[in-house]
Every structure is written in structure tokens, then in C-alpha cells.
Trainee: 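Before we start, here is the structure in question, set down as C-alpha cells.
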Amino acid sequence: MSTVNIAIDGPAGAGKSTIAKMVSAEMGYIYVDTGAMYRAVALYITENNIDDASIENELKNADISLKFVDGSQRVLLGGRDVSELIRTPEISMAASRTSALPAVRAYLFELQKKIARENNVIMDGRDIGTVVLPNADVKIFLTAAAEERASRRYKELAEKPGHPAYEEILKDIIQRDYQDMNRETAPLKQAEDAVLVDTTELTLEQSADAIIKVIKEKI
């Protein structure tokens, strides 16, 4: 029996992870957050002070894996749960840079495809519909205005001490958009056969409903 693969791409802060989790829970699919996998690589590189020239050899020792607990993805690095550690602004920027490196992409590419071959998945990232799962049953490009994405991120961090200012978050998002769209390897772009879903004016629930509607229409 063939599996069903849903690809969701889009820029940083568009709500891909949160919305994809909601959709996967509703549909009973496994949610695969590929961005978390790249963040885990960035954490490994940062913690071990690995330079670009050594990455290909050093990644053999990284031991990055996923664990699914009640349908929720946990990210393991050398057996250690780093699901929270990989969410800092420092690791976010590091992940944007390291994800452009061919050695890093090759390392995670096979793991991502293996998961999709063996499970009904909703996989989100920057190049799922264009590179990782080009034959996905449904492709969605999820986006929102940069200002709205910055506002959401600011509200998310506002409860934490020493949180960055809105202007700083907006600057980081614009910079990351530029990096992701202009990198040589697998740049962020909408696949030709992807459905555009703009969440600027939508709540999380409305966004999830819009994506579920697209999926049901397609399959």
C-alpha cells in the first residue's frame, strides 16, 4: 500500500510547524519538521566548533534521529532530546546558514525520504515540494507578510526575560528570507504545482482548516 505524502514549504515564521502539527493530528499522519533536523545539525556544529571544511566528515558522528511520541516529533542528538535547545535565535540563524551547505543537505536528505517512504507524512521545510518530495501527493506553500511573522514571533517570546525587540525580530526574518531564497543549494521557492496559502489574515485554526480543505480536495 502506497503512502500519502504532504509537502508544506514556506519562509521562517509562517507558522508551518504549528499548523502542520494541527493538520497531522486531525488527519492521523506523522508530522516531520525538517527544519528541526537542520537546527539539530546547527546545534551539533555549534557545540563542537566544527568549521565548514570539516562538516562532511564530522556529520558521520552526529547521530541525529527523530522520535514520535503521541504523534509529536522529538529531536534527538546523540540520544539526547534537544527539542527545546534548537529553538534559540542563535541556532535559528546558524541553521539558515548551515542548511545551505551541500554536505548537510545530503546527510539529512536520505533520512527524510526514508521516513516519507514508510509513513503517511506531513513534512514541512523550505524545499520539500521542490527537492525532497518532488512527487508529493499534495504541495502547499504557506506564507505570511514579514511584519505579521515578526509580530507572531515577538508575542511568542514576550514572556521570556531579555527577549529581542520587534524591530530586531523583523530584521532577522527579512535577513533569513534573503538567505533562504538566494542560497545556491535548494533555495526557498514555491513549487509550480504547489497551492499558495497566505495566513497573514488567518488564525492558526483557520490556517489549518484551509490546508485540510486543500488536502481533501487533492486526495
Side-chain angles (χ1 to χ4, degrees), residues 1-12 14-41 59-60 62-77 81 83 86 95 99-100 102-143 180 183 185-199 202 204-219:
M1 183 178 174
S2 62
T3 57
V4 177
N5 293 168
I6 313 297
I8 300 180
D9 291 308
K16 294 188 303 296
S17 298
T18 304
I19 295 165
K21 283 178 192 171
M22 295 168 70
V23 174
S24 62
E26 175 73 21
M27 302 198 69
Y29 289 7
I30 284 178
Y31 164 61
V32 183
D33 176 2
T34 61
M37 299 164 79
Y38 283 104
R39 287 167 179 266
V41 170
L59 278 180
K60 295 170 186 173
D63 185 23
I64 292 168
S65 60
L66 302 179
K67 179 172 68 174
F68 296 96
V69 181
D70 297 327
S72 176
Q73 175 186 276
R74 305 298 293 177
V75 185
L76 306 182
L77 179 58
D81 190 329
S83 304
I86 60 174
S99 64
V104 173
R105 305 198 74 80
Y107 171 74
L108 292 175
F109 186 69
E110 286 308 317
L111 176 57
Q112 292 163 359
K113 289 186 81 70
K114 181 175 184 290
I115 293 170
R117 280 195 303 270
E118 297 174 353
N119 304 276
N120 291 334
V121 300
I122 294 179
M123 187 178 292
D124 77 348
R126 302 287 189 279
D127 63 346
I128 308 306
T130 53
V131 177
V132 181
L133 300 177
N135 298 314
D137 301 275
V138 183
K139 298 179 187 178
I140 291 164
F141 193 83
L142 187 71
T143 190
D180 289 345
R183 66 191 184 200
T185 305
L188 168 67
K189 63 181 179 180
Q190 181 177 343
E192 288 184 8
D193 52 347
V195 177
L196 178 67
V197 177
D198 189 322
T199 70
L202 303 180
L204 287 173
E205 290 75 16
Q206 289 170 335
S207 302
D209 287 345
I211 288 176
I212 289 169
K213 183 170 183 279
V214 170
I215 293 171
K216 288 182 174 177
E217 286 174 353
K218 292 278 187 180
I219 61 173

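In what follows, residues are counted from 1 in the order of the sequence shown.
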Trainee: For Gln112 and Ala116, indicate whether the former's side chain and the latter's backbone hold a donor-acceptor pair under 3.5 Å.
Mentor: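 Flag not set: sc Gln112 to bb Ala116 has no pair under 3.5 Å.
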
Trainee: I want to check something: taking the side chain as every heavy atom from C-beta on, are Ile219 and Val138 in contact at a cut-off of under 4.5 Å?
Mentor: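 In contact.
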
Trainee: Got more than 12 heavy atoms from elsewhere within 6.0 Å of NZ, Lys113?
Mentor: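 More than 12 within 6.0 Å, yes.
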
Trainee: Using modelled atom types and a 3.5 Å cut-off, is there a donor and acceptor pairing between side-chain atoms of Asp9 and backbone atoms of Gly129?
Mentor: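 Yes, the answer is positive, given that a donor and an acceptor are paired below the 3.5 Å cut-off.
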
Trainee: Could you tell me whether Glu110 and Lys114 have a side-chain N and a carboxylate O separated by less than 4.0 Å?
Mentor: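 Here Glu110 does not pair with Lys114 in a salt bridge, since their nearest N and O are not under 4.0 Å apart.
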
Trainee: Under 4.5 Å between any side-chain heavy atoms of Leu66 and Val75, yes or no?
Mentor: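 Sidechains of Val75 and Leu66: in contact.
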
Trainee: Is there a donor-acceptor contact under 3.5 Å from the side chain of Asn120 to the main chain of Val4?
Mentor: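 At least one qualifying donor-acceptor pair exists.
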
Trainee: Can you confirm whether Glu192 is buried at CD, in the sense that more than 12 heavy atoms of other residues, nucleotides or ligands lie under 6.0 Å from that atom?
Mentor: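 12 or below, so no.
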
Trainee: Please check: side-chain N/O of Ser24 versus main-chain N/O of Lys21, any donor-acceptor pairing under 3.5 Å?
Mentor: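 Yes, the answer is positive, given that a donor and an acceptor are paired below the 3.5 Å cut-off.
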
Trainee: Any side-chain heavy atom of Asp124 within less than 4.5 Å of one from Ile122?
Mentor: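 No, side chains not in contact.
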
Trainee: Within the distance-only criterion (no hydrogens, no angle test), does the side chain of Arg126 pair as donor or acceptor with the backbone N or O of Leu188 below 3.5 angstrom?
Mentor: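 A pair under 3.5 Å: no.
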
Trainee: Rounded to the nearest 0.5 Å, how far apart are NZ of Lys218 and CD1 of Ile140?
Mentor: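 Separation between the atoms: 9.0 Å.
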
Trainee: Can you list everything that forms a salt bridge (Lys or Arg N to Asp or Glu O under 4.0 Å) with Asp81? Sequence neighbours excluded, please.
Mentor: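 Once residues adjacent in sequence are excluded, the partners of Asp81 under the salt bridge (Lys or Arg N to Asp or Glu O under 4.0 Å) criterion are Arg74.
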
Trainee: With heavy-atom distances below 4.5 Å as the criterion, would you say the side chains of Leu59 and Val104 are in contact?
Mentor: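 Of all side-chain heavy-atom pairs linking Val104 with Leu59, at least one is under 4.5 Å.
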
Trainee: Ala7: which residues meet the side-chain contact (heavy atoms from CB on, under 4.5 Å) condition with it, sequence neighbours left out?
Mentor: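 Residues passing side-chain contact (heavy atoms from CB on, under 4.5 Å) with Ala7: Ile128, Ala136, Lys139.
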
Trainee: Does a side-chain heavy-atom distance below 4.5 Å link Asp209 with Lys213?
Mentor: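 Sidechains of Lys213 and Asp209: no contact.
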
Trainee: Counting N and O atoms only, with roles assigned by atom type, does the side chain of Arg105 sit under 3.5 Å from a partner on the main chain of Leu108, one being a donor and the other an acceptor?
Mentor: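 Here the side-chain-to-backbone pair does not exist.
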
Trainee: Hey, does Val41 have a side-chain heavy atom less than 4.5 Å from the side chain of Ile64?
Mentor: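 A side-chain contact exists here, since the closest heavy-atom pair is under 4.5 Å.
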
Trainee: For residues Ile8 and Tyr31, determine if any side-chain heavy atom of one lies less than 4.5 Å from a side-chain heavy atom of the other.
Mentor: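 Answer no - side chains too far apart.
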
Trainee: Quick one, Phe141 and Leu196 - any side-chain contact, counting heavy atoms below 4.5 Å?
Mentor: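 Phe141 vs Leu196: side chains touch.
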
Trainee: Kindly say whether Asn5 contributes a backbone atom to a donor-acceptor pair with the side chain of Asp137 at under 3.5 angstrom?
Mentor: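 Yes; at least one donor-acceptor contact below 3.5 Å.
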
Trainee: Name all pairs fulfilling the salt bridge (charged side-chain N to carboxylate O under 4.0 Å, His left out) condition that reach into residues 28-38, sequence neighbours left out, sorted by first residue then second.
Mentor: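 Applying salt bridge (charged side-chain N to carboxylate O under 4.0 Å, His left out) to every pair that reaches into residues 28-38, excluding sequence neighbours, yields Asp33-Arg87.
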
